[in-house]
Amino acid sequence: MDRDDIARSLITTIGSFIQDRLLDQRQRALQKEQCGERLAAEDESSNKDTAVRYSDQAVLANLDWGMDALEEAINTSNTETKMARLDHAEKMLQVCAMLNSSDKTAGVPNFYLSAWAHLNLSYLWKLRNNVTNAVLHVLEMFSIDPFFSRIDFAPEIWKTLFLPHMSSIVGWYSEERHRIMMNMIPDSDQAEKLQKLEKHYGQSLDENTRNYANYFKDCMNHDPETSKKAIPMMPIAEAPMTPLHEVSRKIPDYVRFGPILPKSAGFSPVLKPNKNSREASSATHIDSENLEDSAAWDIQEGIPEENNESEYEQDEDGIQSIESLPSVEMNNNYKPEPNGHTLKEKNRPFSPQMFSPVISSKTSPKVSSPKQDGNNKVTSTSTLRSNRSMDYKVATSLPTSPLVHHDLSISSADSDNESRDHKKSVRTKVGHGRSSSIANMKTQTSDKSFHGEYDNGSPNFGSPQSSTQSRPPKDFVCPITSHIFSDPVTLETGQTYERKAIEEWMKRGNTTCPITRQPLSANSLPKTNYVLKRLITSWKEQHPDLAQELSYPATPQSSHGSPSLRQMSQIQSRTSNPYDSNNFKPNRFMQATIATSPTSVISQAAVESIISGLKPFITCLCTSEDLKECETAVLTISKMWKESNADSGVHSCLSTSTTVNGFIDVLSASLSREVLRTTVYILSELLVADERLREILTNVDLECLAALLQNGLSEAAVLIYLLKPSFSQLSEFNLVPYLIQNICKKDEESKDSELVMNPKDAAVELVAQVLIEGDENSRNSNALSVISMNAVPSLVMCLERVDTRQSVMYILLCCIHADRSCRNLIATRIDLCYVLELFHAGNEYVRGLCIEFLWELVQLNRRTLCNQILQIIKDEGACSTMHTLLVYLQNAPMEQQPVIASLLLQLDLLVEPRKMSIYREEAIQTLIESLPKKDFPNSQLAALDALSSLSGHLSASGKSLTEAWLLKLAGFDQPYEDSVKKENLKVNENEPIENMDKEEEIAANSWEKRIAFVLCNHEKGLIFNALEECLKSNSIDMTKKCLSIATWLIYMLYNLPDTGVRDAARKALLDQFIYILQSSKNLEEKILSTVALRSFISDPGALVELGGYAKGLYKTLKKLKRSSVVVSDIMKTLMNLPSVNAADMWSCSEGFELDISMNGEVLSLVNIKGRLISSHSDGTIKVWDSGKKALRLIQEVRDHAKAVTCLYVSPSSDKIYSGSLDKTIRVWVIKQEGIHCIQVHDVKETVCGLVADADFAYFFSQSAGVKVYGWSGVIKNLNVKQTVRSLALNGNKLYCGCSGFNIQEVDLRKNTSTTFYAGARKLLGKQSINSLYIQDNLLFVGGTSIDGIAGKVFSLSNRGVIGSLSTGFDIQLLAVNNDFIFGATKSGSIEVWLKERLTKVASIKNSKITSMASDVDGEMLFAGSSDGRIQTWGLD
């Protein structure tokens, strides 16, 4: 391949890789998270006392910013934005890309950071459509850091471009590792040699990867036309040399240099030829020409012929392997026996046993060689199948069983002592092996000796005496599942596993080999190890009974034999996916397996008799066309099967394809329930004993079973489950509704007891499979079907069943996710002890499932019920749940830790918080540590959700209402009302709503204070710093959730006693709230910020900081006044800050002006409920709509004959009183459409000023004194001698502003008058009180200006003067709102004072003002003039 071809190949391969990465956002996120974990691990392993330099922090920040900018460029569709973000990303990433590879940054090797940066730069150049630069950056990544490039960053590229060139190294590694592991001389430093080999192997791969990366770069950069450099030369990957002195002389040549099946299957290693070795040949045909070089072993002596003095011993670890089998000399001196075994007529060489590189503590039994054909060539192992015909006529031969079980250890027969010692040493090592699930299994030693050379035609090599096998070769068994391999795959580390088991291992996020813990460079698994698979097939054919027995986990065969069923289930739960249908084995399955044990109590003759008796019935079943005869045959076969105690010989007779098809025909045609149940029973028994029968049962048979299930045959579910149908098959037949019906049925033990598993259990497992394997839509749909068919109560009852408990819990969890309202139903019916038992005894996966389930159960909106559930969780079970949670928390996956921590914290807070609790401290610390982890957004979101739910503000579906509740506090009720409306809480009919609400309110308030207290006070307010970092996130969703939690905590903090953490909260969050208030475009976020700021204004320290933002905040807050009731308090506080110039804060804009001069002067104005009511000198009263900053006339009435001088609104705001010069007072009722006169009273005098209550009207006229008019018509005078110019009413006290600048207070109950205030009089001129206004228990007074003071403010409680209104003009009218005091002067101007500080802030010019009013919110000011105009101002 020339340079151009190489360049094109590189561009195609790497370009495709980068394109896939750009399209897969999830893969990029996972890689970033994985790299972040490596950085975190490196940081933890470095010296914690060493301070990180600022420059190092800046480098890491640049890398993070660069990747963030790159993600923004990928996600945006705007071209200009994309280019800008790419430019920014390039600048940031180049900082790390150019680091010195030999140094470190913040404890992290620079070559790792640089390689990571180059990978992201390749994405960047791909987005710029410059594929060449993208390829060069990827190659530079491999050149700088070949190890992590092939492990983490781009293993796919390494496998495609680099691995094919490393075959010599891989082959050398396999040979060296095999040589070390096969060393027959015990070597104490074997582990050290392996470690050195692994290190040398990794260094060789890295060095050659770097060489090829540089070569590829030269190919990309080489231009033959312009470059003067020579054409790049391809490097050659040379395998390291092995010193000769390390090769043991005691190892035969064919062992040292024979063909090796490399553990790295699929890597195509190249083995060097040797005079004592040959190249690996085909897996199906082995050439016998080279077999003569192999040393022959003497069976009787058990030692190699070329070294008779040395004894063949196993290595130090007792490890054996059949993985690498040299070619052996074979002959045709074999003749088959009827049972399919072979007997030897004379001595012959055979395959010696090899030692397995797999580190285990259990020895492997011997394996016989494949049989030959007549041409002295080994027959293909793929054709080594049982000679038993599938026809029922030939199935009568009875396979013989071993008489006893022999110990598997290999030992010399020279003495009993040696044998015992060797067994003892092997068992000693069992406890230290990696595969503990297998290592604990023991075997039973025979008490009898064998006199024959072979037993049942099954040869046993390597021992002076013949023995039988009670276990398969160790290398035929998966170390994870403890099953014989069905689909073995050999990893690059040399270890072999069942494909499904290792796939599950990798799905859980593991990237290392389960046994060696070496990192795996490839994400995908290699092809099936067909050599091993064929050897297993051959072994099964030679040992059919043992193969059937051990197709499932081992069963007890003696009192001191294998582990119990409970132990086996625990072992299996630790090593396999609990939801893999291939791994599930209820106890009934174990019993069926026990029944096939070779140690059956049925005598040989009895079994042969049963088989003979079965023949006519099997013939009838297979050939008869009479349905009744077939049904009778089925019933008889079932009876005889039970009598045989499920003997393996009987099983062989019944498991032929013809017989199985006969059973299926009966299932399809029979209408008898008994026959159908019996047929299902027989097929299930056969299928459990030999899973290969699934190959006989076709999809048509599954359709038949589905029809039976739909017709009500619940037992059909068992057989369907055993057939292990796929998700598509289950969906095709729409089995879920019928499976649910099966679950809801009552148990019928008498009918189900003989089946291998309960039909209800099978239905549960199948429903769980459908939910697990389906997508989200199908999962929700099926879960809703479970709920709609009212199966939830039945499922809750099924938790009592140990075998399916886990699947039941998963189904219930799916139901909660699909319809969260069913949570309450589950919570009130469930017995939590079953869930806790599963949690305490389960593995990591099961515990995670239990945690999620318990978490969902405590998300209830009834605090009392939630506390009851928490108390049960805390107290139930023999083990401490809190302690188990604490231990699990420390080892749980990062994304699951916040949920566990939240659950642990709630359990701890069931009692009043103590001074110290390790559970509480650990839980809160975990939540806090999860918040600022930007590289792990899922963990951040989980922590935020957990904190949000801890507040206790939850809906009926478990949704957090914390944000809606806070908005409601601010007067923004709509979100809260919408949430409550959607999820109406259903109250128990027997419980009064009032009592429930009161009890719930007390419990909820107590819980909220308790949880807020411990969160805020942990480590002196550490949570506020974490929230500060989280608020800076680029994720909108995350920022919104964090804002809600921060606002809630600040609100609670200032409602709890001060414990000294308010300063920490203020320093961390105050600036963040101000920033969000001013910059956010989301109304709800702004309102949440105002809730927090409203809490801060009670803190003197916060007020100082707010002073610097006062002017900008004031303008922003003015716009929110209508949306939030807390805004006014903040604005008032800001306006009255000593550091703030009130005049700078004030601003108003002149609004519209109405000319209504045709009605004369505007004598009075009042503003109420968005309505402005004006009275005029011609007797007209007009009602205006002032809601939209533009007056719109609603109503005009003219009931008074003369000028309407005054208007007064009752304190209840439902009535208005008008006084006129026509000597009448009219009472009006206020309605939406206007006002309506309900009473007219003739008071005999002109009315110039008026106040009123429910019993009397108080008015003054042009004469002195105050008149009291009872609504019954009685008029009397109050003892006020001065001329009254203004009135104000406050409860039972009437205040009269009089000439002479004094104020009279009249006690209306006692009818007595006292002087409230008497001002100083001037010698010249008249002084008077022109206007009185009462608000907030304060009396505002305006009148003649004396010494620059025209008004005062009094406290009604103590008559003290609060302050003065300074102006040089007389005040004729006063209007007051929440923030300001407005005074209309004789000069025609309106003076404005700050209500809180009484500081003059502005002056508004206008013509002569006769009336004035302001709305309560302070947004509008209205003034009527003597020329018949109404002027408005908008107070911004």
Side-chain angles (χ1 to χ4, degrees), residues 1205-1206 1208 1211 1219 1245-1253 1255-1270 1275-1376 1381 1383-1386 1393 1395 1398:
T1205 57
C1206 53
Y1208 178 77
E1245 293 188 48
T1246 59
V1247 180
C1248 297
L1250 168 70
V1251 293
D1253 57 22
D1255 300 318
F1256 300 97
Y1258 311 94
F1259 67 94
F1260 64 89
S1261 60
Q1262 296 175 349
S1263 58
V1266 176
K1267 281 72 176 175
V1268 180
Y1269 176 82
I1275 301 176
K1276 61 179 179 179
N1277 292 330
L1278 292 178
N1279 187 21
V1280 179
K1281 297 180 180 179
Q1282 291 90 346
T1283 301
V1284 178
R1285 305 296 300 273
S1286 58
L1287 293 173
L1289 183 64
N1290 184 38
N1292 294 319
K1293 301 291 180 67
L1294 179 67
Y1295 298 90
C1296 307
C1298 306
S1299 58
F1301 210 79
N1302 70 81
I1303 302 172
Q1304 297 294 315
E1305 181 184 71
V1306 180
D1307 189 334
L1308 298 177
R1309 290 176 299 181
K1310 300 178 180 178
N1311 201 22
T1312 58
S1313 175
T1314 58
T1315 301
F1316 181 85
Y1317 171 77
R1321 295 186 180 183
K1322 285 186 176 182
L1323 295 176
L1324 300 174
K1326 296 180 179 179
Q1327 297 88 33
S1328 62
I1329 302 296
N1330 300 323
S1331 181
L1332 296 176
Y1333 199 99
I1334 295 177
Q1335 188 184 66
D1336 300 333
N1337 204 35
L1338 297 176
L1339 178 62
F1340 299 88
V1341 179
T1344 306
S1345 177
I1346 301 175
D1347 298 330
I1349 303 298
K1352 291 183 179 294
V1353 180
F1354 298 92
S1355 172
L1356 293 179
S1357 58
N1358 57 17
R1359 297 191 179 187
V1361 178
I1362 303 297
S1364 302
L1365 304 178
S1366 58
T1367 180
F1369 304 101
D1370 295 348
I1371 296 177
Q1372 299 296 319
L1373 297 168
L1374 283 175
V1376 182
I1381 304 170
T1385 65
K1386 276 187 176 181
W1393 292 271
K1395 181 181 177 182
L1398 301 180

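Keep in mind that the numbers below use all heavy atoms, side chains included, and drop hydrogens, waters and symmetry copies.
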**OP:** Can you measure from CD (Q1262) to OG1 (T1283) and round to the nearest 0.5 angstrom?
**Re:** 11.0 Å
Original post:
Is the shortest heavy-atom distance from the side chain of L1339 to the side chain of K1293 under 4.5 Å?
Top reply: no
Subject >> Pairwise distance CG(L1294) to CG(L1287) - rounded to 0.5 angstrom >> reply: 5.5 Å
Original post:
Does some side-chain heavy atom of T1205 sit less than 4.5 Å from a side-chain heavy atom of L1250?
Top reply: no
Original post:
Nearest heavy-atom pair of Q1304 and N1302: which atoms, and what distance?
Top reply: NE2-OD1, 3.0 Å
Subject >> Sub-4.5 Å side-chain heavy-atom contact between K1395 and D1336 >> reply: yes
**OP:** Begin with the C-alpha distance, continue with both residues' side-chain angles, and end with the deciding distance and a verdict on side-chain contact (heavy atoms from CB on, under 4.5 Å) for N1337 and N1290.
**Re:** CA-CA 9 Å; N1337 204 35; N1290 184 38; 4.3 Å; yes
Subject >> Approximate separation, where rounding is to 0.5 Å, of R1285 CZ and L1332 CG >> reply: 12.0 Å
Original post:
Any side-chain heavy atom of V1306 within less than 4.5 Å of one from V1266?
Top reply: no
**OP:** Report yes or no: is the cationic atom of K1276 (NZ for Lys, CZ for Arg) closer than 6.0 Å to the six-membered ring centre of F1256, at no more than 45° off its axis?
**Re:** yes
Subject >> Listed partners of Y1295 passing ring pair (Phe, Tyr, Trp, His ring centres under 6.0 Å), at least two apart >> reply: F1316
Original post:
Between SG of C1206 and OH of Y1208, what distance do you get to the nearest 0.5 Å?
Top reply: 11.5 Å
Subject >> Considering all heavy atoms, the nearest T1385-F1369 contact >> reply: CB-CB, 3.6 Å
Original post:
Do T1367 and L1365 have side chains that get closer than 4.5 Å, going by heavy atoms?
Top reply: no
**OP:** Write down the atom of I1349, the atom of S1364, and the distance for their closest heavy-atom approach.
**Re:** CG2-CB, 3.7 Å
Subject >> Which atom of S1263 lies closest to which atom of K1267, heavy atoms considered >> reply: OG-NZ, 2.8 Å
Subject >> Passing option when L1308 is tested against D1255, V1268, L1289 for side chain to side chain contact (heavy atoms under 4.5 Å, CB included) >> reply: L1289
Original post:
Given L1398 and I1381, is the side-chain contact (heavy atoms from CB on, under 4.5 Å) satisfied, shown in steps?
Top reply: CA-CA 8 Å; L1398 301 180; I1381 304 170; 3.6 Å; yes
Subject >> Approximate separation, where rounding is to 0.5 Å, of S1366 OG and W1393 CH2 >> reply: 7.0 Å
**OP:** Could you grab the distance from atom CD of Q1282 to atom OG of S1328, nearest 0.5 Å is fine?
**Re:** 12.0 Å
**OP:** Could you check if a side-chain atom of L1338 sits within less than 4.5 angstrom of a side-chain atom of F1354, using non-hydrogen atoms only?
**Re:** no
